[in-house]
Asker: 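Quick one: the structure is below, and I'll ask about it shortly.
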Number of protein chains: 2
Amino acid sequence: MNLSKTSEYALRIMSYMAMDDKKLHRANDIFESLQIPFRYLRKQMTNLTKSGIIISVQGKNGGYRISRSIGEISLLDIIHATGDQQIMTNCFFGFENCALNRQCAMHDKWDEIRQNINQVLASTSLAELNENGPDNFISNNSIQITKNS
Amino acid sequence: MNLSKTSEYALRIMSYMAMDDKKLHRANDIFESLQIPFRYLRKQMTNLTKSGIIISVQGKNGGYRISRSIGEISLLDIIHATGDQQIMTNCFFGFENCALNRQCAMHDKWDEIRQNINQVLASTSLAELNENGPDNFISNNSIQITKNS
DNA sequence: TTAAAATAATACCTCAAGGTATCATTTATG
DNA sequence: CATAAATGATACCTTGAGGTATTATTTTAA
């Protein structure tokens, strides 16, 4: 009933990058601010690049940059970019055909919740998050983690 | 962003048992109707018994029965009975201290969603599900599964 | 042109949720 | 009392998400 860790990470990464949205961010900088396991972060930056939501510049002085205007990127876009297409689409009881055939006893109530969540995620942009105050989405319980390459 | 399979199963099991709430249901009957993997079902029936939401009668002619009035059992109760206490309590970004210390940029919007979900789950009883029509929460894409004990 | 600093690719490891297998225990009934 | 029919306890297997390790590639700049 929560987002996957991968989606949480992606949301934090994109939020962080959006603070300076024209800058080329190095994986190492993101790691030092967000404390996401470094090698996993690296892997995911590549995935996000493949999804097109960020672009990468290889080689020395390389890094990552947000590919579009932060006003045009919704939280739902970010979640989708992680490959998590199934955000709140399933039947409450987990029935495969619920949406198609007969509806389960929770269908209407659950559908309302799903639509609500999707609406909030789709209508909240990175730009809007930024307006809620700088860096308040960065972890505030930072136990220092060492990088190990 | 979905319930655990275990919680889905528990909801289906309880919904099924609620259709005849005074009856002693055998695991085998529940299996034949719901097509939940038999041995996993058996294990979970024992877990639900330990949680107190159902009672078990051992020995020949034994089975399981709902322990309280179905008007008094909410969907949230059932989810909690599976040990899933974390239903929609977490920070959107996954920060540990968000609720306590500084709030993340999504705190208010997300809190509203969480409260909404919890309110619906806590206020919907098994009795109410039953009113939505008999057995419409039973799987309708039943591929016959064999039991193997 | 070579070394250093960055990302990319690939393969592997770990752990918990979901699922399976086996044996033990309880109880009704012939 | 013995058997069958039910649940209980316990241990193990499987799979995918999350995480790690190693090597390759790209690019800048001394």
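The chains referred to below are lettered A, B, ... by the order of the sequence lines, with proteins before strands, and numbering in each begins at 1.
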Asker: Among residues 60-70 of chain B, which residues get a heavy atom nearer than 4.0 Å to DNA chain C?
Answerer: B:K60, B:N61
Asker: Could you see if B:I54 belongs to whatever hydrophobic cluster contains B:V57? Use Ile, Leu, Val, Met, Phe, Trp, Tyr and a side-chain cutoff under 4.5 Å.
Answerer: no
Asker: Just by distance, with hydrogens left out, do B:Y9 and B:S4 show a side-chain donor and acceptor under 3.5 Å apart?
Answerer: no
Asker: Between C:dA28 atom P and B:L24 atom CG, what is the distance in whole Å?
Answerer: 11 Å
Asker: In whole Å, what is the span from the OH atom of A:Y40 to the C1' atom of D:dA21?
Answerer: 16 Å
Asker: With sequence neighbours left out, what residues match A:H25 under ring-ring contact (aromatic ring centres under 6.0 Å, His included)?
Answerer: A:Y16
Asker: If you pin A:S7 and A:Q58 to their nearest nucleotides in DNA chain D, which one's is more 5'?
Answerer: A:S7
Asker: Kindly give the atom pairs (protein nitrogen or oxygen, nucleotide nitrogen or oxygen) under 3.5 Å for nucleotides 9-14 of chain C.
Answerer:
residue	atom	partner	partner atom	Å
C:dA9	OP2	A:K50	NZ	3.3

Asker: Output the single nucleotide from C:dG18, D:dG18, D:dA21 whose closest atom is nearest the side chain of A:K5.
Answerer: D:dG18
Asker: Give the rounded distance in Å between these two atoms: CD1 of A:I79 and C1' of D:dA17.
Answerer: 17 Å
Asker: Output the rounded distance in Å from CZ (B:F38) to C1' (D:dA6).
Answerer: 9 Å
Asker: If we count only N and O atoms by modelled type, under 3.5 Å, do the side chains of A:T82 and A:S7 hold a donor and an acceptor together?
Answerer: yes
Asker: In this structure, would B:Y40 and B:M17 fall into the same cluster of hydrophobic residues linked by side-chain contacts under 4.5 Å?
Answerer: yes
Asker: Measure the shortest side-chain to side-chain distance between B:L75 and A:M106 over non-hydrogen atoms and say whether it is less than 4.5 angstrom.
Answerer: yes
Asker: Among C:dG19, D:dG8, C:dT7, find the nucleotide with the atom closest to the side chain of A:S56.
Answerer: C:dT7
Asker: Kindly calculate the angle separating the two end axes of the helix from C:dT1-D:dA30 to C:dG30-D:dC1, each obtained from five base pairs, and round it to 10 degrees.
Answerer: 20°
Asker: What pairs of residues pass the side chain to side chain donor-acceptor pair (under 3.5 Å) test when at least one of them lies in residues 68-80 of chain A, not counting sequence neighbours?
Answerer: A:S74-A:D77
Asker: Taking side chain to side chain donor-acceptor pair (under 3.5 Å) as the test, write out the residues that go with A:D111, two or more places apart.
Answerer: A:R114, A:Q115
Asker: Check for a donor-acceptor pair, side chain of A:N116 on one end and backbone N or O of B:I113 on the other, with a separation under 3.5 Å.
Answerer: no
Asker: For C:dA21, does either OP1 or OP2 sit under 4.0 Å from a side-chain N or O belonging to B:R39?
Answerer: yes
Asker: When you measure from the side-chain N and O atoms of A:S4 to the phosphate of D:dA17, is any distance below 4.0 Å, counting only OP1 and OP2?
Answerer: no
Asker: For the pair made of CD1 in B:I55 and P in D:dA6, what is the distance, rounded to whole Å?
Answerer: 16 Å
Asker: Grouping I, L, V, M, F, W and Y whenever their side-chain heavy atoms are under 4.5 Å apart, do A:L24 and A:I53 come out in a common cluster?
Answerer: no
Asker: Please say which of B:L48, B:I55, B:L126 ends up in a side-chain contact (heavy atoms from CB on, under 4.5 Å) with B:I66.
Answerer: B:L126
Asker: Picking from C:dG19, C:dA6, D:dG18, which would you name as closest to the side chain of A:R26?
Answerer: C:dA6
Asker: Write down the distance between CE (A:M45) and P (D:dT26), rounded to a whole number of angstrom.
Answerer: 20 Å
Asker: When the distance from CZ of B:F31 to P of D:dA6 is rounded to whole Å, what number comes out?
Answerer: 14 Å
Asker: Whole angstroms only, please: what is the CG-P distance between B:L48 and D:dT7?
Answerer: 13 Å
Asker: Given the rule that I, L, V, M, F, W and Y join up when any side-chain heavy atoms are under 4.5 Å apart, are B:I78 and B:I117 in one cluster?
Answerer: yes
